[in-house]
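Quick note: numbers below take in every heavy atom, side chains included, and nothing from hydrogens, waters or symmetry partners.
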Amino acid sequence: MSEERHPLDHLLRADRLPHIWCPGCGIGIAMRCLVLALEELRIPLDRTVVVSGIGCSARVAGYVRLDGFHTTHGRAIPFATGLKLANPDLTVIVFSGDGDLAAIGGNHLIHAARRNVDLTVICVNNFIYGMTGGQSGPTTPLAARSTTTPYGNFEPPFNLPALVAASGAVYVARWTVFHVRRLITALQEAITKRGFSFVEILSPCPTGYLRRNKLGDALDMMRVFKTQSEIRHGAPPAEVGIELGKKLILGKFVDLERPTYHERMRKQLAAFFIEPYVEKVSEEVEAEEVES
Amino acid sequence: MKRGPAVLTGVHFINGDVACAEGALAAGCRFFAGYPITPATEIAERMAERLPEVGGTFIQMEDEIASISAVLGASWAGVKAMTATSGPGFSLMMENLGFGYMTETPCVIVNVQRGGPSTGLPTLVGQGDMMQARWGSHGDYETIALAPSSAQEMFDLTIAAFNLSEKYRLPVLIMSDAVIGHITERVIIPPEEEIPIVNRKRFTGPRETYLPYLPEDDLVPPMVAAGEGYRVYITGLTHDERGYPSTSPDAQERLVRRLAEKVRRNARDIIRLEERGMEDADVVLVAYGISARVAYRAMELARAAGRRVGWLRLITVWPFPEERLRELAARVRAFIVPELNLGQIAREVERCAAGRALTIPVLRPGGAVHDPREILAAIEEASHV
Amino acid sequence: MSVEPTVHTPSRAVRRPRGRVFLLTERCKGCRFCVEFCPRHVLAMSDRFNSKGYHVPAVIAEELCTDCKMCELLCPEFAIYVVRLEEER
C-alpha cells in the first residue's frame with residue numbers, strides 16, 4: 001500500500017497510525033507542526049526527547065519517532081528536568097495538555113519557569129479535560145459548560161502566558177492550530193531558545209468541549225480561530241486572557257534573555273570548583289550582560 | 001578550589017544520613033533531587049555539598065513528587081539517581097514509584113521513617129511505612145526494600161540498593177528510621193576498588209532490533225538511555241515488548257507477571273539476613289532497623305537468664321524471606337516481632353508461621369524505641385506457652 | 001493515487017507553483033479542514049467512505065492547486081500531502 005505513506009512518516013511511529021484522537025481534534029495538527037519544526041531545524045533528532053504527562057495531548061510522546069516518555073499525570077516537567085540536568089546535551093521538549101500542565105502539574109510549571117531550565121513546554125489548550133470525557137479544567141472559560149460544570153463554569157481560568165511569564169519564562173507565545181505556519185516558526189524559536197520557553201496552542205476539542213457548549217463542530221472552531229483572532233506580538237501577557245465571545249489574542253508575547261539554570265549553576269559553582277565548571281563561564285557572563 | 005573524591009576511604013564518625021549520601025556517591029550516584037523533610041534532610045544537604053565535587057547534579061525540587069519524577073528522568077538519561085524523604089514525602093512519591101516499577105527504571109528511594117500517620121512525629125522514630133513500601137503504589141508489583149540498622153549499614157546498604165536497582169531495573173527502597181538516620185557512629189569506607197559496583201545491562205546492538213521490554217533469561221530487559229539513538233517510547237500504560245501501549249489482557253498478564261517474577265525468582269540473590277543463636281533457639285526475635293538493635297540486647301538478657309533465644313535481623317524486608325521463616329516455623333515455638341508500628345512485619349511473620357509457631361508482636365506506634373525489657377517480657381511469655 | 005508526480009522542464013516563462021494532492025484516505029477521519037481551508041477549492045467532500053466509515057474528501061480541481069500545502073498542514077491525521085509540480089503559465 002504505497003498510497004498509505006506520508007512524507008512525514010519517517011518522523012512518526014507510523015505503525016501506530018491512525019492515532020487515537022477524535023475527528024476534528026487539533027492535537028494531530030499540533031504534532032505535525034512539532035515534527036515539521038524539528039525537521040526544518042536540522043537539530044540532531046537522536047538527542048531530542050519528548051516528554052508528556054497524561055491526557056489526549058500527552059499521547060504525542062508515543063507517536064513521534066523520537067525518544068518519548070509518557071510519564072504520570074502532571075509530572076512531565078519534573079521528569080524532563082531530571083533528563084535535562086542529567087544530560088544537558090539533550091533537547092528536551094514537554095508536550096502536554098492544559099489540565100496536565102496547569103492543574104495537576106501547575107506547581108512544576110511555575111517552578112521550572114522560575115529556574116529557567118532549558119526546556120520547551122508545548123501546551124495544547126483545548127479548554128477541557130478531553131480524555132476523561134469533558135470535565136472543566138484550569139483553562140475552561142467562565143460560563144462554559146462541562147460535565148463537572150453543568151450549570152456553567154464560575155471559576156476564572158488561568159491566563160497561561162501571564163502565568164508562565166510572571167514565573168520567569170524567557171519565551172512565551174500563543175497560536176492556534178489554524179495558524180500553522182506561525183506556529184511552526186514559534187516552535188522553532190522556542191526549541192532553539194536557551195531557557196524555559198512556552199508555547200500555548202489553542203485547539204478544538206469537538207467531543208468534550210464544543211458539542212456541550214453548542215459551539216458547533218471542530219470546523220466551526222477553526223473558523224473562529226481564523227476570523228476571531230488578533231495577532232499582537234509583544235502584547236503584555238496580563239492582557240491576553242481568553243474570554244468566550246471575545247477576540248483571541250495571539251502572538252509572541254515574551255522573548256528575552258535571562259541566564260538559564262545551567263548557566264547560573266556553572267557560574268555559581270565556578271567560584272568553588274575548577275572542573276568541570278570553569279570552561280563554560282565565558283558564555284554565562286555574556287548572558288548576564290544581555291540581561292542587564 | 002577543591003574537588004573531592006567520590007569515595008571517602010577511611011574511618012569516619014558520621015550520622016546515618018551522611019553515611020547514606022556517601023554510600024550513594026560510592027555506588028556511582030551522580031544525581032539527587034529532593035525536598036527538605038525531617039529526619040532525612042541531612043542526606044540532601046550532604047548531597048548538595050558533595051555532588052558538585054564529583055561532577056554530579058543536585059537539585060532541590062518544589063516537592064517530593066517532583067523529586068522522584070526528576071530522579072526517574074535522570075535515570076533515563078543514564079545516570080544513577082536517588083532521592084531521600086520521610087513518611088509524608090514517601091506518600092507523595094507513591095504514584096511515581098509505580099511508574100518506576102512499570103517502566104523498569106533503576107533508582108534508589110530512601111525513607112528515613114518517623115512516627116505517623118500524617119505529620120505525626122517529625123523528629124521521632126517510627127517504622128510505620130513498612131507496608132506502604134510493599135503496597136503503597138496502586139496495582140500489583142514486587143519491590144526490593146532494605147532496612148539498615150547502623151550508620152555503617154546506611155553506607156553499605158545504599159551501595160547494595162543501587163546495585164540491586166541496576167541489576168533488576170527497579171526502584172529500590174531503603175527503609176531506614178529516624179534513629180538510624182541520626183545516629184552518629186563509626187563508619188568505615190573501604191577503598192574504591194573494594195566496593196563492588198553493578199551497572200545496568202545496556203543494549204548496544206542495532207537500533208532496528210531493539211525491543212525495550214524484551215527480557216533476557218533473568219527476566220530483566222537490557223536498557224538504553226535517552227539520546228543514544230534508539231528512539232524508545234516509554235509509558236506507564238501497560239505495554240508490549242516494543243514499549244507500545246496495549247489494552248489486551250494478554251499484554252497485562254505478561255508484563256505484570258514478569259515484573260513480579262523478576263523479583264520473586266531472584267529472591268535468593270536479593271534476600272540478606274543476619275542471624276544469631278539459631279542453632280538451639282526455640283524462640284526467635286524477628287526485627288529490623290533500630291528495633292533489631294534493641295532486640296539484640298533483649299536476646300542477650302534472655303540468654304543470660306538461660307532462655308534459648310535466636311535473633312533474626314531482616315536486612316532485606318521486601319521481598320519477604322518467606323522460605324527462611326517457614327523453615328524456622330517448623331522447629332521453633334514462637335516468633336517475637338518488635339516493631340515501631342501497630343503490627344506490619346508481624347503479619348508477614350504470622351503468615352509464614354501459618355500456625356506452626358506462635359507469633360507475638362511487641363508493638364509501639366513510634367516516638368521511642370522499645371525498652372529491651374518489653375521484649376524480654378514477651379520472651380518469657382513465649383517460653384511459658 | 002498511483003500517478004507519479006510530473007516534473008516539467010523549467011523555462012524562462014513566468015511560472016506559478018503547481019501541486020498534486022495525495023490522499024491517504026484510510027487515515028482520514030472526515031474533519032473537512034482540508035476542504036474548508038483550501039484557498040483554491042481543490043478539494044470537496046466525496047460520497048465515499050473509508051473502511052472505518054469516515055466520509056472522505058476527493059480532489060475535484062487539481063489544476064487549481066498552487067502547492068500552498070494548507071490542506072497538508074491542517075490535516076490532523078497525516079492523511080494528505082502535496083507534491084510540487086512546475087508548469088508554465
- Message: Would you say that more than 12 heavy atoms from the other residues, nucleotides or ligands in this model lie under 6.0 Å from the CZ of F158(A), or not?
- Response: no

- Item | Most chain C-contacting option - heavy-atom pairs closer than 4.5 Å, from L12(A), I184(A), I27(A) | L12(A)

- State, with a plain yes or no, whether a side-chain heavy atom of P76(C) is found less than 4.5 Å away from one of W21(A). no

- Item | R223(A), part contacting chain C, at a heavy-atom distance under 4.5 Å | both

- Is the F178(A) to F37(C) ring centre distance short of 6.0 Å? yes

- Output the distance between atom CG (L8(A)) and atom CD (E72(C)), rounded to the nearest 0.5 Å. 6.5 Å

- Side chain / backbone / both / neither for V177(A) at chain C, heavy atoms under 4.5 Å: backbone

- Task: List the atom of F33(C), the atom of A218(A), and the distance in Å for their closest heavy-atom pair.
- Result: CZ-CB, 3.7 Å

- Query: Side chains of E77(C) and L17(A): does their closest heavy-atom pair fall under 4.5 Å?
  - Reply: no

- Query: Are any non-hydrogen side-chain atoms of V35(C) and L219(A) less than 4.5 angstrom apart?
  - Reply: no

- Query: What distance do E36(C) atom CD and K226(A) atom NZ have between them, rounded to the nearest 0.5 Å?
  - Reply: 7.0 Å

- Sequence-distant partners of K252(A), salt bridge (charged side-chain N to carboxylate O under 4.0 Å, His left out), two or more places apart: E189(A), D255(A)

- Message: I need the R181(A) CZ to M70(C) CE distance, nearest 0.5 Å.
- Response: 6.5 Å

- Message: Please report the interatomic distance SG(C22(A)) to NZ(K29(C)), rounded to the nearest 0.5 Å.
- Response: 7.5 Å

- Task: Can you see which heavy atom on L74(C) is nearest to which on M222(A), and at what distance?
- Result: CD2-CE, 3.7 Å

- Message: At a 4.5 Å cut-off on heavy atoms, which part of L183(A) comes close to chain C: side chain, backbone, both, or neither?
- Response: neither

- Item | Side-chain (H6(A)) to main-chain (I80(C)) donor-acceptor, under 3.5 angstrom | yes

- Item | Gap between atom CG of L36(A) and atom NZ of K69(C) - 0.5 Å precision | 9.5 Å

- What one should report as the nearest heavy-atom pair of R27(C) and A14(A) is NH2-CB, 4.2 Å

- Message: On a heavy-atom basis, which atom in G28(A) and which in F78(C) lie closest, and how many Å separate them?
- Response: O-CE1, 3.8 Å

- Find the distance between SG (C31(C)) and CD1 (I29(A)) and round it off to the nearest 0.5 Å. 6.5 Å

- Query: So which residues of residues 44-53 of chain C are in contact with chain A at a heavy-atom cut-off of under 4.5 Å?
  - Reply: K52(C)

